Structures are given as structure tokens and as C-alpha cells.
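Everything numeric in this text was worked out from a predicted model, so none of it was measured. Reminder, nothing fancy here: chain letters follow the sequence lines and each chain counts from 1.
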There are 2 protein chains.
Amino acid sequence: MSKAETILQGAMQEFLAKGYSAASMDRVAAAAVVSKATVYSHFGDKETLFKALVAQMAQQRMRSILSRLDYSLDPRLAMRQLFMEGMDDCCKNPEFHDFQRILIGESGRFPDLAKTFVIHMSKPGIESLTRYFERSSVFNFPDPEAISRIVVGAIVHFGMTQYVMHGKEIIPMESDRLVDALELLLFNN
Amino acid sequence: MSKAETILQGAMQEFLAKGYSAASMDRVAAAAVVSKATVYSHFGDKETLFKALVAQMAQQRMRSILSRLDYSLDPRLAMRQLFMEGMDDCCKNPEFHDFQRILIGESGRFPDLAKTFVIHMSKPGIESLTRYFERSSVFNFPDPEAISRIVVGAIVHFGMTQYVMHGKEIIPMESDRLVDALELLLFNN
DNA sequence: GTCTATATCGTGATAGAC
DNA sequence: GTCTATCACGATATAGAC
């Protein structure tokens, strides 16, 4: 593994755990088992390192979201499968929870990072589902993109409330119930 | 205005703009036009001040969410009105965007604050809409609470993507389209 | 390229006068 | 209760030896 990769890995630990401002370059170096000067020679400063890290994480996540839709399956099954996988992504992945925390938390001071996330994750996700609605003869939505947004929003927000915001015990709900309800709405029972 | 209120107002400025870690007690004192020692004499330390501030903001927001549902209206109109108001809350309110950023951003290190938000805002919102679904004879959802979550999630996530995450220009969409689509799904045409 | 050692500054928090 | 002045610390960033 190259030194730059090692540093990024150390940075991931530190930034995901502490957020941008509270993260310490000392601890980044320590986690990467490298001197602090080495960190600064590879990435110019804290902000640059942070942006490189987020770009890398977004890229990794992007792969997993593409070509999730199986056009050969029965639409009802294809949707169920997609919703389930989306739920797992949003719910069973503590590292992704931290990623959301830091991205949203810093979206005020790092708007470009937030936009990168929207461009590489939200947009492709919404668009591929929209295309599926348009192409499948089962659906006849007057505004497929709006429906797509409702579906994605419902799933993402569920993971957000239950896990990122620790609402799991306060307003408990099995993710299957949300998937069933989505199916009911989309297929009109 | 009492000194405690003055301090909280200064703290709001600083914390909403910078987040928890990057916020400076010096600047809080400066914004409140008070000495730093005065801040510390009223609120013991930075963490306590932060929690007091979030509690106050949550309480203020809570009021606006209660009793939003008009049972005397035609369900279709009542829903439209509710969705529109929810959209405005989530979209047209920069201060709320910052509030979401900080709450979510710090939900890892301040889980109690996140839970407070869920208890006082998410839960009542979802429950009151669920009750409406249950009581209105127009709807016959097998799982009203799940439907309620879909609706709330779709609206909150829309504001999140378009405004908090600056996706407005990247994946543009009028909020009316989402409201129309929600109506279509709920009323089954 | 990588290290050790250091410069410089802003931070949270407090002591003590009034 | 409120101020001024200050402390001890850890932060980002860099200089210079190897």
C-alpha cells in the first residue's frame, strides 16, 4: 500500500470519528503510523486532506449504487429487492452513518463537498429509478421523477432517523414495514 | 432581556455558523457583548451551553409543528395544506438548515441531543399524521404509521437534498411536484 | 521523502479585583 | 455578578537534518 493510501486510511479513522474541526492532524499521523510532516508533504493542509478523503469515500460508495436495478425481474420483485438493498445500505452500515454525519455537518462550510455527494450519489440514484419507472409498462406516473424522490427520500430518511439520529428505540419500526408500505403505494395495493 | 438570554442568542449565532467544535467561546462572548467569564458563570462550560442552546431551539421549533392538522377540512385539502407547510418549514428556512447541520453533524458525539430532537419533533410529527390516517374514513392503510413515515421522510429529505446539501441547481425540482406526487400516491390517483 | 524538533497562535477555562 | 488578565494546553504548520 502506498503511503498516500496509508495516510488516507488514518485520516478516515480520525475524521469519521471526530468530524472536521475536532480532528487532529497529530492523530491522523499517529493512526497512519507516519510523521506529521509526511502527512503535510503529501497533502498540503488539513482542508486538502479532508477533501481528498471525502472524494475517495464518495467514489467507493458510488460503485455500489450503480446498476442495482434488474430489468429482467418482475417489477414487483425488482422494486422489493432494490428497496431492501437501499435499506441495508442506509441502516446496517455504521461507517456510512458517520459519513453522512460529517458530510451534512460540514455542508455549510464545505458546500462543494456536499455538491459532489449530490452529483455522484443522489442524482444517479434518483435518475436510475426514474428511468425504471419510465421504461416499465407497469407504471404510468405523470411525474416519475417526483415519485422516485419520494421513494429515495423515504428510505434515506428512515436510516437517518433510526440510526444516525439514534431514534431506533424511541420510534421503533422494522424496515420491512416501510418496504411493504412503499410497495402498496407504488402498486396501488 | 436577561443576560442568560443574551448569551444564548450570541451562542446561537456562533454555534449555528461554525458548528460545535469550531465555535469559540471568545466569539460567543463577543457576539453577546459580554465578558467570557460571564458566559462561564451562567453556563458551566462549552458543552453545557451547547446543550442549553439546542434545547431552546428544539422547544421553539416544536410549537410550530403541533396541531397543524385541520380535521374539519376535506382530507385532500388538509393533506395538501400540511405538505405545503412542511415543505416551507424544510425549504425556506436557512436557520433550520443550520440547525439540521449541527444536530446531525454532532449526533455521533452528542447522541442525547439527537434523541431529544427525535422525541420532540420527529415522533410527534409522525404520530399526529398517523392518527389522522387512522381516524379519517377516506384512508384504509394496513400500516398507517409506515405511510406516515414515507410522507414525512419524502418531505424532509427533499429539503435536505435541495437546500442543506445545496442540490437545488444540480437536481432542480419544484416542491409542488413532490406534493402533487404525494397526493397521487396517497389518494390512489 | 521522511523524520525530529520547534514556532506560533487560538483555545477552554479560571483567579482575583471591584 | 461582572470584569480584566492570564494560564496551560493542543492545534496547524514548518525548518532543517538525514
Applying a strict under-4.5 Å side-chain criterion to I, L, V, M, F, W and Y, I'd like to know whether M1(B) and M57(B) cluster together. no

Report each atom pair, protein N/O against N/O of nucleotides 10-12 of chain D, whose distance is under 3.5 angstrom.
unit_1, atom_1, unit_2, atom_2, d
dA11(D), OP1, R27(A), NH1, 3.4
dT12(D), OP1, A23(A), O, 3.1
dT12(D), OP1, M25(A), N, 3.3
dT12(D), OP1, K46(A), NZ, 3.1
dT12(D), OP2, M25(A), N, 2.8

Taken in chain and number order and not counting sequence neighbours, the residues that satisfy ring-ring contact (aromatic ring centres under 6.0 Å, His included) with F110(A) are Y20(A), F50(A)

For this session: Kindly indicate whether the side chain of Q100(B), heavy atoms from C-beta on, has any atom under 4.5 Å from the side chain of M160(B).
Result: yes

Numerically ordered, the residues 4-11 of chain B set in heavy-atom contact under 4.0 Å with DNA chain D is none

ask   = Is the closest side-chain donor-acceptor distance between R109(B) and S21(B) under 3.5 Å?
value = yes

Establish, from distance only, whether the side-chain atoms of Q81(B) and R76(B) form a donor-acceptor pair under 3.5 Å. no

Rounded to the nearest 0.5 Å, the CD atom of E14(A) sits from the CG atom of L49(A) at a distance of 10.5 Å

Is it true that atom CD of Q60(A) has more than 12 heavy atoms of other residues, nucleotides or ligands lying nearer than 6.0 Å? yes

For a salt bridge (charged side-chain N to carboxylate O under 4.0 Å, His left out) check, start with the C-alpha distance between D143(A) and R149(A), then their side-chain angles and the critical distance, and finish with the verdict. CA-CA 10 Å; D143(A) 191 346; R149(A) 287 208 179 213; over 6 Å; no

Quick note, side-chain hydrogen bond (donor to acceptor under 3.5 Å, both in side chains) partners involving residues 29-40 of chain A, not counting sequence neighbours, are D26(A)-K36(A), S35(A)-T38(A)

Under a 4.0 Å heavy-atom criterion, DNA chain C is touched by chain B from dT11(C) to dA15(C)

The salt bridge (Lys or Arg N to Asp or Glu O under 4.0 Å) partners of K51(A) (sequence neighbours excluded) come to E47(A)

